[in-house]
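I have placed the structure first, in the form of C-alpha cells, so that the comments after it can refer back to it.
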Amino acid sequence: YSREDYLTVVKGVLVRREDVPAELADEIARRLDGKTQDVRDAVRVARLAPQLGVDRAVRLLLGG
C-alpha cells in the first residue's frame, strides 16, 4: 500500500468490520503509519485498545 492507501484501508476495516468509532480508527491508523503496512496489526491494536489504550497496545505489539 501507499501511505494514503494504508491509512484509508485501515480506517475502513476498523470502522466497518471491527465496529471501531471513526475517531479511534483514525488515531490507530496515524499511530501505525510508518511502523507497519499490515492491516492485521491495526486490527490487533483496535482489539487491545479498550483495555490498554492505543499507545500501549502499539508498544506491546510492535515495540514502538
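Residue numbers run from 1 in the order of the sequence given. Model, not experiment: these values are computed from the prediction. Side chains included, hydrogens not; waters and symmetry mates left out as well; all remaining heavy atoms used.
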Nearest non-hydrogen partners of [X] and [Y], listed with the distance:
{"X": "A25", "Y": "V15", "value": "CB-CG2, 3.8 Å"}
{"X": "A29", "Y": "K11", "value": "CB-CG, 3.9 Å"}
{"X": "A46", "Y": "V20", "value": "CB-CG2, 3.9 Å"}
{"X": "A57", "Y": "L48", "value": "CB-CB, 3.8 Å"}
{"X": "L32", "Y": "A42", "value": "CD1-CA, 3.4 Å"}

Partners of D5 by side-chain hydrogen bond (donor to acceptor under 3.5 Å, both in side chains), sequence neighbours excluded? S2

Reported CZ-to-CG distance for the pair R31 and L62, which is rounded to 0.5 angstrom: 9.0 Å

Can you name the residues that form a salt bridge (charged side-chain N to carboxylate O under 4.0 Å, His left out) with R30, not counting sequence neighbours? D26

Check whether any side-chain heavy atom of V54 sits under 4.5 Å from a side-chain heavy atom of L24, and report yes or no. yes

How would you list all residue pairs meeting side-chain hydrogen bond (donor to acceptor under 3.5 Å, both in side chains) that involve residues 39-52, not counting sequence neighbours? E18-R47, T36-D41, D38-R40, D41-R44

Quick one: list whatever passes side chain to side chain contact (heavy atoms under 4.5 Å, CB included) with R3, sequence neighbours left out. L7, D33

Checking Q37 now: which residues fulfil side chain to side chain contact (heavy atoms under 4.5 Å, CB included) with it, not counting sequence neighbours? Y1, Y6

